[in-house]
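Note sheet for the following structure.
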Amino acid sequence: MNKIELFKRAGFAKNQAAIYLDLLKNGRSTISDISKRTRIHRPVLYRLIPELKKEGLITSSPLGKRVVFEAGAIEQLSAVYQKAQGEFV
């Protein structure tokens with residue numbers, strides 16, 4: 001099973017998985033950077049990122065006039081996955 005499938009099983013969309021995995025691989029990034037690498041349009045990112053932040057998978061911090069995003073701890077992903085599995089039982 002690939003990483004995208006794990007995200008789907010945890011209740012996340014393919015694009016949400018792509019965002020998280022991109023941040024995990026590349027570290028702190030702006031919306032523009034994420035958009036260029038994942039080829040997800042910026043308006044879609046602005047809609048999806050708050051959902052990932054709500055789950056604790058992504059954090060944000062100001063960097064001058066910009067906001068940078070960073071993947072949260074991988075343990076949080078495990079907790080979200082276990083929570084989703086518990087809802088299906």
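Count residues from 1 along the sequence.
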Less than 4.5 Å apart, any side-chain heavy atom of S60 and any of E70? no
Interatomic distance, OG1@T38 vs CG@N15, rounded to 0.5 Å, equals 7.5 Å
Taking the side chain as every heavy atom from C-beta outward, state whether F12 and L57 have any pair of such atoms under 4.5 Å apart. yes
message = When you compare the side chain of I19 with that of I40, does any pair of heavy atoms fall below 4.5 Å?
response = yes
Item to complete: Please tell me if the side chains of V44 and L48 come closer than 4.5 Å, counting only heavy atoms from C-beta onward.
Response: yes
Here the gap from R42 atom CZ to K36 atom NZ, rounded to the nearest 0.5 Å, amounts to 9.5 Å
Worksheet entry | Flag side-chain contact, heavy atom, 4.5 Å: N26 against D33 | no
Closest non-hydrogen atoms of R28 and S61, given as atom of the first, atom of the second and distance, are NH2-OG, 3.8 Å
Correct closest heavy-atom pair for I31 and L45 would be O-CD1, 3.6 Å
When rounded to the nearest 0.5 Å, the distance separating CD of Q16 from CZ of R47 is 8.5 Å
same_hphob_cluster(L52, L24) at 4.5 Å side-chain heavy-atom cutoff:
yes
Value for CG (L23) from NZ (K25), rounded to nearest 0.5 Å, stands at 12.0 Å
Next on the checklist: Is it the case that the side chains of R66 and S32 hold a donor-acceptor pair, with the cut-off being a distance below 3.5 Å and no angle test?
Outcome noted: no
